[in-house]
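Scroll down for the structure; my scribbles are underneath it.
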There are 2 protein chains.
Amino acid sequence: MPGQHTLDETESQVATRLAGMDLDFEAMAVTANLFRAANAARNHMERTVLAKSNLTWTAFVVLWVAWIWESAETREIASEAGVSKATLSGVLTTLEGRGFVERKRGEKDGRLVTVELTASGKRLMKKLFPEFNKAERHVVRDISSAEQPVAADILRRITQAAN
Amino acid sequence: MPGQHTLDETESQVATRLAGMDLDFEAMAVTANLFRAANAARNHMERTVLAKSNLTWTAFVVLWVAWIWESAETREIASEAGVSKATLSGVLTTLEGRGFVERKRGEKDGRLVTVELTASGKRLMKKLFPEFNKAERHVVRDISSAEQPVAADILRRITQAAN
DNA sequence: CGCAGATAGTTCGGACCCGAACGATCTCAA
DNA sequence: TTGAGATCGTTCGGGTCCGAACTATCTGCG
């Protein structure tokens, strides 16, 4: 099966190829696996849960944030979802066109825009989120109950260090 | 500072809002923080290391894979970089246009395309990668040496479970 | 030998993604 | 009170990003 490298092969090739350079290989292994894991998990969610509702990952996250907070301002959705306000603007237009959210111009402060889920959007999340959570459970199924809080804590510290 | 939620606030709001539903909150915390961490780390790298070379994240990862493996076939680059072959095709066209890589049609098998870094591409990676590694070290600076291999291992298991 | 099926990379359409520039709105000090 | 500066969301241009359809090539069974 040419062209197919296992994770181990890749890491050993990296070690060989970069031998002698003054690098932090431990840090490299953590971040490389961080991106791989996030990517794999995201692809898995998109294919198993989101695709059948024709939702992209980002659109789902945006819906999720607005759902959790009942209603949310644009800039906090962008921050929670991890996208720029420029991106969010486009995604909101898409979601509004499909009838899942509504934009409301702030009354006190005319610069602000508040986002709320429509009835249709709420129905969608109520149906979708339990399935999404099942997929979450699936991707962490080989992490023991004891390790899961440790993992979450480590990831929180990485998030903080990168900000 | 309205509209700014801390990580703790978000997680407690989630717990309140979803109370009573049959959900795995531990799994949720792991994946939520996984995506947050990957996103934050990626944004940090893009801003501190990649932006000044005018490279996107994906373009850098593609260069990195071809660099590590000396030369690589398209489908393995796509797999390592975590993008579809359609995306890779576009990224390669961009990188080729900027003179960092060369496409070579396979001689034995006319369907295959091999990617190699040009001299300019190699120079770029030789300069950029140590800086990139410094940024990697930065984002894991609050994870102890003892924890780092544990973290890498947990992330590897998540990757496998999601595939 | 010949062609049905598998496989590789590209193209296409539509959606995301960002920084920069922009117009609208708010704030607060002179 | 009035503007200079801050802040908000949108727009714009260029670069990903993907699934599906497509072309080119290879493989192997008959």
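Both backbone and side-chain heavy atoms feed into the values below; hydrogens, waters and symmetry mates do not. A note on names: the letters A, B, ... follow the listed sequences, proteins ahead of strands, and every chain is numbered from 1.
For dT16(D), neither phosphate oxygen OP1 nor OP2 lies less than 4.0 angstrom from any side-chain nitrogen or oxygen of Thr87(B). Residue Thr74(A) places at least one side-chain N or O under 4.0 Å from the OP1 or OP2 atom of dG9(D). One finds a side-chain N or O of Ser89(B) lying less than 4.0 angstrom from the OP1 or OP2 phosphate oxygen of dT10(C).
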Take Phe60(A) and Val49(A), measure what side chain to side chain contact (heavy atoms under 4.5 Å, CB included) needs, and give me the verdict at the end.
-> CA-CA 10 Å; Phe60(A) 176 78; Val49(A) 181; 5.9 Å; no
Kindly determine whether Glu116(B) and Arg103(B) satisfy salt bridge (charged side-chain N to carboxylate O under 4.0 Å, His left out), including the steps that lead there.
-> CA-CA 7 Å; Glu116(B) 268 182 49; Arg103(B) 273 191 251 229; over 6 Å; no
List the steps and the verdict of side-chain hydrogen bond (donor to acceptor under 3.5 Å, both in side chains) for Gln160(A) and Asn163(A).
-> CA-CA 5 Å; Gln160(A) 266 160 0; Asn163(A) 284 326; over 6 Å; no
Tell me, with the steps shown, if Val115(B) and Leu95(B) meet side chain to side chain contact (heavy atoms under 4.5 Å, CB included).
-> CA-CA 11 Å; Val115(B) 178; Leu95(B) 287 174; over 6 Å; no
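Note: CG (Leu92(B)) to C1' (dA8(C)) measures 13 Å, nearest angstrom. Following rounding to the nearest Å, Leu95(A) (CG) and dG9(D) (C1') show an atom-to-atom distance of 16 Å. In this structure, CG of Leu88(B) is placed 16 Å from C1' of dG19(D), rounded to the nearest angstrom. One interatomic measurement links the two molecules: NZ of Lys85(A) to P of dC17(C), which rounds to 17 Å at whole-angstrom precision. Atom C1' of nucleotide dG15(D) and atom CD of Glu96(B) are separated by 16 Å, given to the nearest angstrom. When rounded to the nearest whole Å, the span between CD of Glu73(A) and P of dG9(D) equals 7 Å. For the pair Asp109(B) CG and dG28(D) C1', the computed distance is 15 Å after rounding to whole Å. Rounded to whole angstrom, the span from the CZ atom of Arg75(B) across to the P atom of dA6(C) amounts to 17 Å.
Using cut-offs of 30° and 60° for the angle between ring planes, the His138(A) and His44(A) rings count as parallel.
Checking dC18(D), dC17(C), dA8(C) against every side-chain atom of Leu112(B), the shortest atom distance belongs to dA8(C). The side chain of Ala86(B) sits closest to dC12(C) out of dC8(D), dC12(C), dG19(C). Out of dG9(D), dC26(D), dG19(C), the shortest distance to the side chain of Arg111(B) is found at dC26(D). The listed nucleotides are dT16(D), dT11(C), dG9(C); the one nearest the side chain of Arg105(B) is dG9(C).
Heavy-atom distances to DNA chain C give each of Thr93(B) and Arg42(A) a nearest nucleotide, and the one nearer the 5′ end belongs to Thr93(B). Taking for each of Ala59(B) and Gly106(B) the nucleotide of DNA chain D with the nearest heavy atom, the 5'-most of the two is the partner of Ala59(B).
The CG atom of Asp153(B) lies 9.0 Å from the CG atom of Asn33(A); values are rounded to the nearest 0.5 Å.
Among the heavy atoms of the strands lying under 4.0 Å from Arg103(B) are primed sugar atoms or P, OP1, OP2 only; no base atom is included. Contacts of Thr94(A) with the nucleic acid, taken as non-hydrogen atoms under 4.0 Å apart, involve only primed sugar atoms and P, OP1 or OP2. Nucleic acid contact for Gly82(A): sugar-phosphate only, since backbone atoms but no base atoms lie under 4.0 Å from a heavy atom of the residue. Nucleic acid contact class of Gly90(B) (heavy atoms, under 4.0 Å, all strands): none.
Both Ile68(A) and Val83(A) are part of a single hydrophobic cluster, where members link through side-chain heavy atoms under 4.5 Å apart.
Screening Val113(A), Leu88(A), Leu63(A), Val91(A) against Ile77(A) for a side-chain contact (heavy atoms from CB on, under 4.5 Å) leaves a single residue, Leu88(A).
Proximity of residues 44-58 of chain A to DNA chain C (heavy atom under 4.0 angstrom from any strand atom) is restricted to Thr56(A), Thr58(A). Non-hydrogen atoms lying under 4.0 Å from DNA chain C are contributed by nothing in residues 63-72 of chain B.
For an aromatic pair to be called close, the ring centres must be under 6.0 Å apart, and Trp67(B) with Phe100(B) fails this. Centroid-to-centroid, the aromatic rings of Phe132(B) and Trp64(B) stay 6.0 Å apart or farther.
Arg141(A) is not listed as a side-chain neighbour of Arg157(B), based on a closest heavy-atom distance of 4.5 Å or more.
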